[in-house]
Amino acid sequence: PNQGSIDAQLRFLLKYAILAPSGHNTQPWLFRLVDEGIEIYGDRRRALAVVDPSDRELTMSCAASLFHLRVAMRHFGIDPVVNLLPRSDHSDLMARILPGAAYEPTLNDHRLFMAIKKRRTNRQPFDDRAVPSPELDHLQRAAQGEGATVHVVRRAAMKRDLAALIAEADRRQASNPSFRRELAAWIHSNRSKSRDGMPGAAFGFGDLLSLAGPFVVRTFNWGKGQAAHDQQLAEGSPVLLVFTTPGDEPLDWLRAGQALDHVLLQAQAY
């Protein structure tokens, strides 16, 4: 709404922020319009107490919504001014973002914006073809610009080591009944109208099996099969990207979440 109020414009931009990825698609964020700006809060009611007890991934999810919002603002010619963790006495307040000066968007700004509605989480095997080195270099620079580092893993031996860690994590998580109950609570049938959580199709379930999906996930220890699947997926991938940050505190998590979202959108644009 070019002629709308600043509040109307910000509400419009939030339609893109809420399309960000999040753990279990919990969408654990809340937005507040304040003083012609937006505050992003973590929604602790959507926290995952078992798999994410420190709210690390919740914080990264909020950071991803922040980056989506930044991309939308730049696309529409607004330079975002971001303040991370603006109040030390309010841990739920993740960021405050204000519209800055007029901004001339680049071609890549537009490409990132167009990628927002196309990006999907995909658990299927990857094509057996190399990822071009210039694109990987660009993904690394994108993460670096957000305060994180992306390590590109191509060597088969290192991919095997990482795949073994992933498989071990699968086995440990699935052996925990509390983890299975928490995961099942966020899975719904393919025909559900729910806009959060994960449909059974995300796990390869057909419509009929998706009805029983939550029961199966909750009741049985499926870790061995999942470990074998994910290990093969990781080993067979043309390349793996590993994100790191200098520390492991909320500010690092916010940087990591923005870096991850930037890389996901850039990769989708490619």
*Does the distance from a Lys or Arg side-chain N to an Asp or Glu carboxylate O, for R218 and E182, drop under 4.0 Å?*
no
*With distance as the sole test, does S22 use its side chain to make a donor-acceptor pair with the main-chain N or O of Q27 at under 3.5 Å?*
yes
*Under 3.5 Å: donor-acceptor pair, side chain of D52, backbone of L58*: yes
*asked:* Within this structure, what is the OG1-CH2 distance for the pair T26 and W186, rounded to the nearest 0.5 Å?
replied: 5.5 Å
*Mind running side-chain contact (heavy atoms from CB on, under 4.5 Å) on I97 and V81 for me, showing each step along the way?*
CA-CA 6 Å; I97 185 166; V81 178; over 6 Å; no
*Could you tell me the separation between the NE2 atom of H188 and the CG atom of L211, rounded to the nearest 0.5 Å?*
12.5 Å
*Roughly how far, to the nearest 0.5 Å, is the CE atom of M198 from the CD1 atom of I187?*
5.0 Å
*Are any of the side-chain heavy atoms of Q258 and L66 separated by less than 4.5 Å?*
yes
*Output yes when a side-chain donor or acceptor of R180 lies under 3.5 Å from a complementary backbone atom of A174, and no otherwise.*
yes
*I6 and P99: which non-hydrogen atoms are nearest, and at how many Å?*
CD1-CG, 4.0 Å
_Determine whether a donor-acceptor pair (N or O, by modelled atom type, separation under 3.5 Å) exists between the side chain of N190 and the backbone of P199._
no
*Could you tell me whether R56 and D248 have a side-chain N and a carboxylate O separated by less than 4.0 Å?*
yes
*With a 4.5 Å heavy-atom cut-off, do L136 and L241 have their side chains touching?*
yes
*Under the side-chain hydrogen bond (donor to acceptor under 3.5 Å, both in side chains) criterion, do S178 and R181 qualify, and how do the steps go?*
CA-CA 5 Å; S178 296; R181 284 194 296 270; 3.2 Å; yes
*For side-chain hydrogen bond (donor to acceptor under 3.5 Å, both in side chains), just list the numbers for S133 and R154, CA-CA rounded to whole Å, side-chain angles, deciding distance to a tenth of an Å, and then say yes or no.*
CA-CA 11 Å; S133 292; R154 288 192 181 95; 3.3 Å; yes
*Does S61 reach the main-chain N or O of E57 with its side chain, forming a donor-acceptor pair under 3.5 Å?*
yes
*Evaluate the side-chain proximity of Q232 to S237: yes if any heavy-atom separation is below 4.5 Å, no if none is.*
no
*Could you state whether L48 and L30 fall into the same hydrophobic cluster, counting links through intermediate Ile, Leu, Val, Met, Phe, Trp or Tyr residues with side-chain heavy atoms under 4.5 angstrom apart?*
no
*Can you check whether G197's main-chain N or O pairs, donor with acceptor, with N25's side chain at less than 3.5 Å?*
yes
*asked:* Check this for me: does any side-chain nitrogen of one of K159 and E235 sit under 4.0 Å from a carboxylate oxygen of the other?
replied: no
*Could you go through the side-chain hydrogen bond (donor to acceptor under 3.5 Å, both in side chains) check for Y270 and H138 one step at a time?*
CA-CA 11 Å; Y270 285 140; H138 194 181; 2.5 Å; yes
*Does any N or O in the side chain of W222 come within less than 3.5 Å of the main-chain N or O of V217, such that one atom is a donor and the other an acceptor?*
yes
*Under 4.5 Å between side-chain heavy atoms, hopping through other hydrophobics if needed: is there a path connecting F12 to L33?*
yes
*Within the distance-only criterion (no hydrogens, no angle test), does the side chain of Q140 pair as donor or acceptor with the backbone N or O of V150 below 3.5 angstrom?*
yes
*Go through T106 and D109 one step at a time and tell me if the side-chain hydrogen bond (donor to acceptor under 3.5 Å, both in side chains) criterion holds.*
CA-CA 5 Å; T106 65; D109 288 326; 3.0 Å; yes
*Start with the C-alpha gap between Y16 and F113, add the side-chain angles, then the distance that decides, and say whether ring-ring contact (aromatic ring centres under 6.0 Å, His included) holds.*
CA-CA 9 Å; Y16 297 96; F113 177 78; 4.8 Å; yes
*Partners of S88 by side chain to side chain contact (heavy atoms under 4.5 Å, CB included), sequence neighbours excluded?*
none
*Do V82 and Y103 belong together in a cluster built from hydrophobic side chains that touch within less than 4.5 Å?*
no
*Does some side-chain heavy atom of Q9 sit less than 4.5 Å from a side-chain heavy atom of Q3?*
no
*Donor-acceptor under 3.5 Å (N176 side chain, Q173 main chain)*: no
_Salt-bridge criterion met for R46 and D196 (N-O under 4.0 Å)_ = yes
*Could you tell me whether a side-chain N or O of N122 sits under 3.5 Å from a main-chain N or O of Q124, the two making a donor and an acceptor?*
yes
